[in-house]
Amino acid sequence: MSSPGIAGDPKPPCSPRNGLVKLPGQPNGLGAASITKGTPAAKNRPCQPPPPPSLPPPSLAAPLSRAALAGGPCPPAGGPASALVPGPPAERPPLATDEKILSGLFWYFSACEKCVLAQVCKAWRRVLYQPKFWAGLTPVLHAKELYNVLPGGEKEFVNLQGFAARGFEGFCLVGVSDLDICEFIDNYALSKKGVKAMSLKRSTITDAGLEVMLEQMQGVVRLELSGCNDFTEAGLWSSLSARITSLSVSDCINVADDAIAAISQLLPNLAELSLQAYHVTDTALAYFTARQGHSTHTLRLLSCWEITNHGVVNVVHSLPNLTALSLSGCSKVTDDGVELVAENLRKLRSLDLSWCPRITDMALEYVACDLHRLEELVLDRCVRITDTGLSYLSTMSSLRSLYLRWCCQVQDFGLKHLLAMKSLRLLSLAGCPLLTTTGLSGLVQLQELEELELTNCPGATPELFKYFSQHLPRCLVIE
């Protein structure tokens, strides 16, 4: 029996990219829908299917007799096989439809391949439509894919029964309107209580639509609004519910300081906040209350150009329990702001200072001295970082991931400091123009390294990649 996606046949043309998986044609009309992994994206990591469950090896203590292989009973231990009365062979399902075998086999396929295999036959679909095969994946539905055009020209909302059968707990809707969201709520069986996460991207949702969605979908605790320019801060005041624990708002032009006031007042259980807003100022960061101080552990301020060191002061005093902080693109933050972070947020495990052009080696000294629990540090495009700064980082025994993309002053001498960091598992040197082949070759001393990124690095030659393949066999080297 052959089917697409099995060894020997070409795989369907829907290879994963950046966590998104394009679905092949489906009989329910959602032919161009896609599926994305639900956990925050690891940077530049290839999308891989979940590992297959470990299966116990077959026991060799009692080998099967020929009669057993034929489907008959096995002879008792120590007794002659001739003493058995031959009987009709036991009926067993064919291997191709044996649900126990299929359940173990299907773990080896990607989400895209599972979508194809589910169309082979009803038995395969019944096995594949178990929620365990789709955990952690989020369907992405575009507005035009939500309707089927009838012969008379009228539109009919698509059947979402297949999604309900697989138990998806989150959806990403792209380019939808208030009416589309209402139709989704009415037609998806699990929308009222079963959907935990909703993401709206490049959509025309208004204040009224946002209010109806959060009022009707009582199970939503994670909300993302990206590129939605029709709702206002008043809509956040009228719609946000205390049950929301994760909120992400980006590229929404009507979001400013008053939106942060609504978030701080209405979301006492907020654990994670991601905000990309060009008009948010230092004043807004003073709105966080003691309730968020206990519950909020992740804060991402992305390209908040108006945030200065004064805003950082408000953050460290209002949210002392942060374990992850991003100031990426906050171009007015200086070394003094990083010093405040290092002195007051000792629980930090992840710090992102990418695209902060005023950060220098002094900031890295503050980080190395005070943030002893830090496991991830992102310094992409910090153009004033030099080898001296890397010497400070070499003392950090807990650091596992270090990103130095396009740090144009880092040289071979700086890499020598990193060789002492035996805890490093991920290192990105993409776009560092001063690193030579000789300097990069010394990284083979980091035998525990699992991922090394060298894209757009002039010193990364084919001979170097071959050298790494021989001396770092367990490391994924990204060319």
Side-chain angles (χ1 to χ4, degrees), residues 36 38-40 137-143 146 157 160 163-164 167-277 280 284 287-289 291-292 295-300:
T36 179
T39 59
L137 299 176
T138 300
V140 180
L141 305 178
H142 293 255
L146 296 176
F157 202 84
L160 298 177
F163 290 97
F168 287 114
E169 295 185 347
F171 282 86
C172 176
L173 304 182
V174 182
V176 297
S177 63
D178 292 352
L179 179 60
D180 298 329
I181 293 172
C182 291
E183 290 284 355
F184 174 83
I185 295 173
D186 292 339
N187 287 275
Y188 186 58
L190 303 179
S191 63
K192 301 295 177 65
K193 297 291 185 179
V195 176
K196 306 298 183 185
M198 280 298 294
S199 174
L200 303 179
K201 297 186 177 182
R202 302 190 299 276
S203 299
T204 57
I205 186 173
T206 65
D207 293 345
L210 188 61
E211 185 174 357
V212 168
M213 183 184 76
L214 293 179
E215 181 179 351
Q216 294 289 324
M217 304 180 71
Q218 290 292 317
V220 172
V221 295
R222 300 186 297 274
L223 177 64
E224 178 183 9
L225 301 170
S226 177
C228 301
N229 295 323
D230 290 86
F231 79 90
T232 65
E233 293 172 320
L236 294 178
W237 279 105
S238 63
S239 62
L240 289 181
S241 169
R243 69 177 182 272
I244 293 178
T245 59
S246 176
L247 177 64
S248 176
V249 181
S250 60
D251 287 329
C252 300
I253 60 175
N254 294 318
V255 173
D257 289 356
D258 197 44
I260 308 302
I263 293 170
S264 62
Q265 293 296 320
L266 300 175
L267 304 182
N269 301 314
L270 190 66
E272 182 176 351
L273 175 62
S274 181
L275 184 67
Q276 181 184 9
V280 170
Y287 291 147
F288 292 109
T289 64
R291 292 180 296 181
Q292 282 89 21
S295 62
T296 304
H297 58 71
T298 299
L299 176 64
R300 300 185 184 93

Got a second to check how far [X]'s [atom1] is from [Y]'s [atom2], nearest 0.5 Å?
X	Y	atom1	atom2	value
Asp180	Ile205	CG	CD1	10.5 Å
Leu225	Ser274	CG	OG	11.5 Å
Asp186	Lys192	CG	NZ	6.5 Å
Leu223	Met217	CG	CE	10.0 Å

* Using the benzene-type ring in the case of Trp, are the ring centres of Phe184 and Phe157 under 6.0 Å apart? ->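 They do not qualify: ring centres at least 6.0 Å apart.
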* Name of the residue among Leu200, Val212, Leu210 meeting side-chain contact (heavy atoms from CB on, under 4.5 Å) with Ile181 ->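 It is Leu200, the one option of Leu200, Val212, Leu210 that forms the side-chain contact (heavy atoms from CB on, under 4.5 Å) with Ile181.
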Between [X] (side chain only) and [Y] (backbone N and O only), is there a donor and an acceptor less than 3.5 Å apart?
X	Y	result
Ser295	Arg291	yes
Glu233	Val255	no
Ser203	Lys201	yes

* **Among Asp258, Asn254, Asp207, side chain to side chain donor-acceptor pair (under 3.5 Å) partner for Thr232** =>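 It is Asp207, the one option of Asp258, Asn254, Asp207 that forms the side chain to side chain donor-acceptor pair (under 3.5 Å) with Thr232.
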Could you verify whether a donor N or O on one side chain and an acceptor N or O on the other, from [X] and [Y], lie under 3.5 Å apart?
X	Y	value
Ser250	Ser226	yes
Ser239	Glu211	no
Gln292	Thr289	yes

* Under-4.0 Å salt bridge between Arg222 and Glu272 -> no
* To do: State which residues pass side-chain contact (heavy atoms from CB on, under 4.5 Å) with Ala208; sequence neighbours excluded, sorted by chain then number.
  => Thr206
* Run the numbers on Met198 and Glu224 for side-chain contact (heavy atoms from CB on, under 4.5 Å), then give the verdict. => CA-CA 6 Å; Met198 280 298 294; Glu224 178 183 9; over 6 Å; no
* Kindly indicate whether the side chain of Leu270, heavy atoms from C-beta on, has any atom under 4.5 Å from the side chain of Leu247. =>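 Yes, close enough: below the 4.5 Å cut-off.
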* side-chain contact (heavy atoms from CB on, under 4.5 Å) assessment of Asp257 paired with Val280 -> CA-CA 5 Å; Asp257 289 356; Val280 170; 3.9 Å; yes
* Step by step, work out the side-chain contact (heavy atoms from CB on, under 4.5 Å) result for Asp251 and Gln276. => CA-CA 6 Å; Asp251 287 329; Gln276 181 184 9; 3.7 Å; yes
